[in-house]
Amino acid sequence: MAAVGKTQSSAFSGLEWVHDLWGSEPRWTVDLDEEAIKQTVQSALELPGACTIEFLAQGAFNRLYIIRSTEKDIVARVTLPVDPAWKTLSEVATLKWVRENTSLPVPEVLAYKADRSSVIGFEWIFMSKMPGKPLADVWRDVSFSAKENLVRQLALFCSDTFQKQMRGIGNLFPDSTMPASTSPHGDGTVETTEREKFRKPLLTSLGQSTSEIQESDTASEDLDTRDPVGKISTSEEIRETKDNLCSKEIVKETFHAKTATGTQDPSLVCVQRIVSAAFIWDDRIHQDVSRGPFSSSKDWLSARLALAESDYFKRLSRVQKRANNNEDSEQEEDDPEELKNIIYIISTLRSRLDEFFPTKDLEPEPSMIYHDDMSRHNILVNEDGILTAVVDWECVSALPLWIACQFPPILQGKPLEKEPIKSKYQHDENGEVVELYWEHLENYELTQLRHLFLEEMQRLQPTWVEIFKSSQRQRDFDLAVTNCDDSFLIRRIRNWLQDMDSGVENFQGLEERIDNASL
């Protein structure tokens with residue numbers, strides 16, 4: 001039987017976390033009023049005539065609806081309060097930055113509400129409906145040449161984001177909404193003088209310093225929000241949205257983004273606190289841990305390990321207490337030995353942070369936007385397999401180059417260099433080839449597409465390829481941090497750590513171990 005964890009304040013009402021042996025997942029505790037959503041869209045966007053609304057899809061944190069009018073179709077994205085205000089503000093800023101700084105087609109934000117004051121009762125974003133179907137639905141029908149063209153477009157996007165690097169690790173926010181004040185989750189105080197080190201140039205080749213950028217501050221006003229009746233909100237009103245959530249005054253660190261030439265972005269954004277699943281899942285949003293922006297990979301990974309360690313010490317304590325008191329549990333219990341293994345892995349990883357990520361510089365580390373859920377489900381194509389949009393930009397962060405310079409998730413998979421021959425596979429009674437053929441063909445195609453992607457990146461950004469090829473060790477470390485509680489990978493992570501401790505030379509990396517085990 002699943003257990004239910006209630007949230008801790010009214011700011012999180014409407015959300016509950018359901019737990020079972022396999023983990024936890026968020027649930028809505030209220031039904032959304034579709035009529036209220038439709039009317040809010042009509043009012044905010046001043047849509048004439050009658051409109052209809054229909055449910056489109058549900059993600060981990062959102063419900064999506066299509067509102068159809070005589071003029072256009074709108075997607076309404078209503079979100080659970082997993083990270084009030086911050087998640088919405090970051091998603092809006094990220095979408096705007098991508099639209100204005102890259103060639104990738106993404107939805108246009110038409111209006112948004114980063115608080116719960118509208119009749120919908122939850123935060124929302126209204127955006128343009130993009131044409132096309134998820135690539136996942138038509139993958140087998142899309143020609144290989146169309147897949148190659150898609151890969152070239154993704155390579156160009158990665159080139160754009162690499163060229164337009166940030167400083168610091170966190171999420172993008174509109175600079176005009178960043179108050180020198182508050183955080184709803186207990187971030188630490190930073191002295192005002194500390195902010196100056198984040199206003200220096202990213203790279204000397206990029207030219208203009210961030211302090212020079214500040215002279216043209218008015219451009220940051222380009223990223224506005226609208227209230228439910230379509231009125232443009234001021235920056236002061238946006239500040240109040242965030243300030244109302246806050247518990248104490250601080251001065252926030254701010255890492256400013258620049259274009260490749262060093263000139264100011266059309267709408268200046270800054271790298272602020274991180275908004276990612278690792279920091280907001282379940283009760284982690286309530287834990288007192290640094291949420292950035294992080295100056296270094298070490299700080300970012302240390303915070304993630306601290307959150308994981310806290311989780312598993314609590315779970316182990318709960319299991320041991322019940323065992324000592326001979327208490328029965330309504331739900332299936334964690335295995336205490338597995339919990340101890342997880343805590344051991346976390347402790348060992350923490351002890352190796354300095355070895356993997358030595359702090360070389362007092363300057364915030366270079367970073368770039370990386371969409372870690374750019375899967376086939378979030379890539380839309382038309383009937384010819386031509387890219388029409390990439391969607392789902394929530395929790396997309398500016399990450400260190402060693403993790404961001406890797407294959408987009410859509411290209412990740414098992415290596416297979418030899419093309420499978422269809423006639424050599426079994427066929428069923430209807431003459432259809434068995435599923436194993438399609439699995440092998442997919443692995444083969446992905447392998448060839450990865451080769452193409454690297455060729456394109458070598459042509460567009462050779463330094464990106466150098467970072468990719470030299471960073472496997474760091475990516476293995478991140479893989480261990482991300483999967484330290486995965487029952488199927490714990491043994492492989494421990495063996496990888498033990499080989500490292502034993503001084504064995506040329507031992508298999510963690511990613512290679514996982515790939516080989518699944519072949």
Can you tell me if NE2 on His440 sees more than 12 non-hydrogen neighbours from other groups inside 6.0 Å? yes

Tell me whether Arg459 is salt-bridged to Glu455, with the criterion being a basic N under 4.0 Å from an acidic carboxylate O. no

Could you check whether Arg475 and Gln472, counting side-chain N and O atoms only, form a donor-acceptor pair closer than 3.5 Å? yes

Closer than 4.0 angstrom, basic N to acidic O: yes or no for Arg352 and Asp501? yes

Under 3.5 Å, is there a donor-acceptor pair between the side chain of Asp486 and the main chain of Phe488? yes

Got a sec, which residues hit ring pair (Phe, Tyr, Trp, His ring centres under 6.0 Å) with Phe61, two or more places apart in sequence or on another chain? Trp281

Nearest-0.5 Å distance, CD1 of residue Ile343 to CG of residue Leu316: 5.0 Å

Restricting to ring pair (Phe, Tyr, Trp, His ring centres under 6.0 Å), what partner residues turn up for Phe279, sequence neighbours left out? Phe294

For Ser297, is there any backbone N or O sitting under 3.5 Å from a side-chain donor or acceptor partner on Glu365? yes

Salt-bridged, Arg513 to Asp476, with N to O below 4.0 Å? no

With side chain to side chain donor-acceptor pair (under 3.5 Å) as the test, would you mind laying out the steps for Asp311 and Gln287 before giving the verdict? CA-CA 10 Å; Asp311 280 351; Gln287 292 190 29; 3.1 Å; yes

Ignoring hydrogens and geometry beyond distance, is a side-chain donor-acceptor pair present between Asp499 and Ser502 at under 3.5 Å? no

Would you call Asp283-Lys314 a salt bridge at under 4.0 Å N-O? yes

Could you tell me whether Glu442 and Lys414 have a side-chain N and a carboxylate O separated by less than 4.0 Å? no

Any side-chain donor-acceptor pair under 3.5 Å between Ser347 and Arg350? no

Do Lys469's NZ or CZ and the ring of Trp464 fall within the cation-pi criteria of under 6.0 Å and 45°? no

Derivation and outcome, side chain to side chain donor-acceptor pair (under 3.5 Å), residues Asp160 and Thr102: CA-CA 6 Å; Asp160 288 340; Thr102 80; 4.9 Å; no

Thr88 and Glu123: side-chain donor and acceptor closer than 3.5 Å? yes

Under 6.0 Å between the ring centres of Phe157 and His371? no

Any idea how Phe356 and Phe477 line up, ring-wise: parallel (<30°), tilted (30 to 60°), or perpendicular (>60°)? tilted

Drop me the distance from Asp372's CG to Cys395's SG, to the nearest 0.5 angstrom. 8.5 Å

Does the Lys164 side chain pair with the main chain of Asn101, one donor and one acceptor, at a distance under 3.5 Å? yes

